[in-house]
Amino acid sequence: MTPELYSSLSLALPELIIAGGALVLLMIGVYSGERANSTVTGLAVAILIGAGAWMLLFGGTGKAFGNVFVSDPFAVFMKVLMLIGSAVTLVMSVGFAKAEKFDKFEYPVLILLSTVGMMLMISANDMITLYLGLELQSLALYVVAAINRDSVRSTEAGLKYFVLGALSSGMLLYGISLVYGYTGHTGFDAIAATLSGADRQLGLVFGLVFVLAGVAFKISAVPFHMWTPDVYEGAPTPVTAFFASAPKMAAMALMVRITMTAFEPIAADWQQIVVFISIASMVLGSFAAIGQKNIKRLMAYSSIGHVGFALVGLAANTETGVRGVAIYMLIYLVMTLGTFAFILAMRRKDGNVEQISDLAGLSTTNPMMATILTILMFSLAGIPPLAGFWAKWYVFLAAINANLYALAIIGVLASVVGAYYYLRIIKIMWFDEPVGGFLPMAGELRLVLGASGAFVLFYVFFGGPVGRVAEAAAKTFF
């Protein structure tokens with residue numbers, strides 16, 4: 001084994017751990033049958049934790065496999081967030097899967113394979129690596145969305161996601177081919193060097209637009225958001241929680257890396273695109289959620305809006321902006337996992353309920369659940385001094401420092417509009433007549449909900465260290 005290959009394999013060891021673990025768990029599931037379902041899920045969580053621990057304790061930085069794979073502080077930061085999202089959603093799915101009878105060993109295996117694809121996306125330093133990671137993630141997610149084969153809604157969600165996902169992959173590939181045609185390279189560093197030394201051509205801008213459109217689909221940014229509400233509503237709730245957390249981290253990291261590395265010399269062009277999809281996402285996410293009656297659909301539009309807010313930081317094209325994106329995605333992840341832990345706990349004797357009206361009078365029947373969800377809703381709305389306020393503070397501050405005043409003003413106004421539907425949920429829980437309580441929460445859901453509520457409530461006490469870690473991640477590009 002050559003020193004270069006050894007170095008490359010050591011940098012990619014977390015990915016190899018998860019990929020190898022997925023294959024081993026697949027064999028365990030095949031040979032043990034349904035008896036191994038719980039065991040496979042537990043081992044999958046252990047593999048994710050192990051890969052994250054290895055990366056934090058022994059992981060190095062550098063480029064691998066001929067500069068197509070990169071490990072740097074930004075990659076480590078986003079990978080840790082993504083691994084937390086994957087592990088927590090797997091833990092939260094245990095009780096729901098047993099109750100709904102879709103506790104199949106294939107589910108955690110597919111989550112692991114999808115996670116490998118996301119890690120490749122985050123570390124991609126080449127268009128081919130980007131595409132391979134994105135497709136590995138997507139193919140697993142198509143199956144996961146439709147994994148509850150007894151549910152027509154789940155099957156429909158998987159089919160919609162597959163058809164629209166295939167369309168976005170085609171757009172991405174077309175964009176990559178245009179970029180390669182005009183620069184002669186697929187590596188991010190080589191593309192940036194080529195663009196720095198020559199005038200950019202119109203065809204290259206078309207390639208940039210198609211590449212960003214393909215990535216925008218994965219983060220549910222407008223106008224490539226159309227799959228999100230239907231898939232969030234139709235997929236099993238643990239799958240929806242996964243969609244709303246881990247893949248968002250990976251796709252946003254990819255959006256940052258591709259703009260800050262490959263297309264940095266033509267920042268004026270991609271900034272216009274990012275500003276447009278940011279404004280469109282914030283506005284649509286704020287207004288479209290107002291009339292929703294299903295809480296999972298509401299969270300779909302909420303996620304579209306939050307992606308728009310995060311992109312405000314990217315549009316600034318500064319170190320402060322990238323730091324704001326990193327902090328925003330961390331806080332968004334915690335708020336989303338807590339909210340979906342609550343949604344998974346919306347269960348009565350006849351099964352899970354998803355209508356917002358089912359929350360009526362929850363403060364009377366379960367005051368603790370109502371209190372924590374109230375904290376999370378206030379945070380999602382951006383009410384100070386909760387964590388969600390600081391998330392928006394950092395991205396808006398970056399936009400103002402970059403003289404993007406109109407973008408910041410539109411963001412603040414969209415945030416005010418969005419606060420309406422979060423406050424409506426609080427009003428229903430605290431002031432409406434009770435319609436019946438929920439069954440007691442499972443222990444794992446109680447833990448996730450409590451931890452996320454505490455993080456959001458007490459963020460001001462440990463926001464400094466979080467900001468410093470995010471700043472170190474942002475310095476990767478500057």
Do S303 and S220 pair up side chain to side chain, a donor and an acceptor below 3.5 Å, judged on atom types alone?
no
Contact check, side chains of I84 and M249, non-hydrogen atoms, under 4.5 Å
no
Count the heavy atoms of every other residue, nucleotide or ligand shown that sit under 6.0 Å from CD of E4, and state whether that count exceeds 12.
no
Rounded to the nearest 0.5 Å, what separates atom CD1 in I343 from atom OG1 in T237?
7.5 Å
Check whether S196 reaches the backbone of A192 with its side chain - one donor and one acceptor, N or O, closer than 3.5 Å.
yes
Say whether, by atom type as modelled, one donor and one acceptor occur between the side chain of S281 and the main chain of G308 under 3.5 angstrom.
no
Name of the residue among K475, R257, K63 meeting side chain to side chain donor-acceptor pair (under 3.5 Å) with D72:
R257
Is the backbone of L13 close enough, under 3.5 Å, to the side chain of W54 for a donor and an acceptor to pair up by distance?
no
Which class fits the ring pair F342 and F438: parallel under 30°, tilted 30 to 60°, perpendicular over 60°?
perpendicular
Is there side-chain contact between F478 and V322, with heavy atoms separated by less than 4.5 Å?
yes
Side-chain contact test, heavy atoms from C-beta onward, threshold under 4.5 Å: evaluate it for Q292 versus P229 and give yes or no.
no
Nearest-0.5 Å distance, CD1 of residue I356 to CZ of residue R297:
11.5 Å
Would you name the heavy atoms of K296 and A235 that are closest together and state the gap between them?
NZ-O, 2.8 Å
Quick one: are I18 and L83 in side-chain contact, heavy atoms under 4.5 Å?
yes
Rounded to the nearest 0.5 angstrom, the OH-OG distance for Y301 and S286 is 12.5 Å
Is the number of heavy atoms from other residues, nucleotides or ligands under 6.0 Å of F287 CZ greater than 12?
no
Taking every non-hydrogen atom, the tightest pair across T61 and P73:
CG2-CD, 4.3 Å
To the nearest 0.5 angstrom, please state how far the CD atom of E15 sits from the OG1 atom of T115.
11.0 Å
M368 atom CE: more than 12 heavy-atom contacts under 6.0 Å:
no
Determine whether a donor-acceptor pair (N or O, by modelled atom type, separation under 3.5 Å) exists between the side chain of S379 and the backbone of I375.
no
Does S7 reach the main-chain N or O of P3 with its side chain, forming a donor-acceptor pair under 3.5 Å?
no
Flag the pair F455 / F462 as yes when their ring centroid distance falls below 6.0 Å, and as no otherwise.
yes
When you check the side-chain N and O atoms of S302 and Y422, is any donor under 3.5 Å from an acceptor?
yes
If you look at every heavy atom in F96 and P236, which pair is closest and at what distance?
CE2-CB, 4.2 Å
Can you say whether the rings of W393 and W390 are parallel (under 30°), tilted (30 to 60°) or perpendicular (over 60°)?
perpendicular
Between T476 (side chain only) and F74 (backbone N and O only), is there a donor and an acceptor less than 3.5 Å apart?
yes
Short question: side chain of T129, backbone of N125 - any donor-acceptor pair under 3.5 Å?
no
Please report the interatomic distance CE(M127) to CD1(I258), rounded to the nearest 0.5 Å.
4.0 Å
Is there a side-chain contact between N294 and Q355, using heavy atoms and a 4.5 Å cut-off?
yes
Does A315 offer a backbone N or O that forms a donor-acceptor pair with the side chain of Q271 under 3.5 Å?
yes
Correct closest heavy-atom pair for A345 and M441 would be CB-CG, 3.5 Å
Can you find a heavy atom in the side chain of V211 that is under 4.5 Å from one in the side chain of W270?
no
Heavy-atom check, side chain of L130 versus side chain of L172, under 4.5 Å:
yes
Side chains of Y405 and N403: any donor to acceptor distance under 3.5 Å?
yes
So, do L314 and M260 sit near enough that their side-chain heavy atoms are less than 4.5 Å apart?
yes
Search all heavy atoms of Y107 against all heavy atoms of S93 and return the closest pair with its distance.
CE2-OG, 3.5 Å
Steps toward side-chain hydrogen bond (donor to acceptor under 3.5 Å, both in side chains) verdict (S71, K79):
CA-CA 10 Å; S71 178; K79 282 181 183 178; 5.3 Å; no
Are more than 12 heavy atoms from other residues, nucleotides or ligands located less than 6.0 Å from atom CZ of F431?
no
Is it true that a side-chain atom of S8 and a backbone atom of A64 form a donor plus acceptor pair closer than 3.5 Å?
no
Rounded to the nearest 0.5 Å, what separation is found between the CG atom of L208 and the CD1 atom of I266?
5.0 Å
Do F243 and Y161 have ring centres separated by under 6.0 Å?
yes
Under the criterion side chain to side chain donor-acceptor pair (under 3.5 Å), which of K392, R323, H306 is the partner of Y328?
H306
Verify, without hydrogens or angle tests, whether S363 (side chain) and M429 (backbone) share a donor-acceptor contact under 3.5 angstrom.
yes
What one should report as the nearest heavy-atom pair of L110 and A140 is O-CB, 3.5 Å
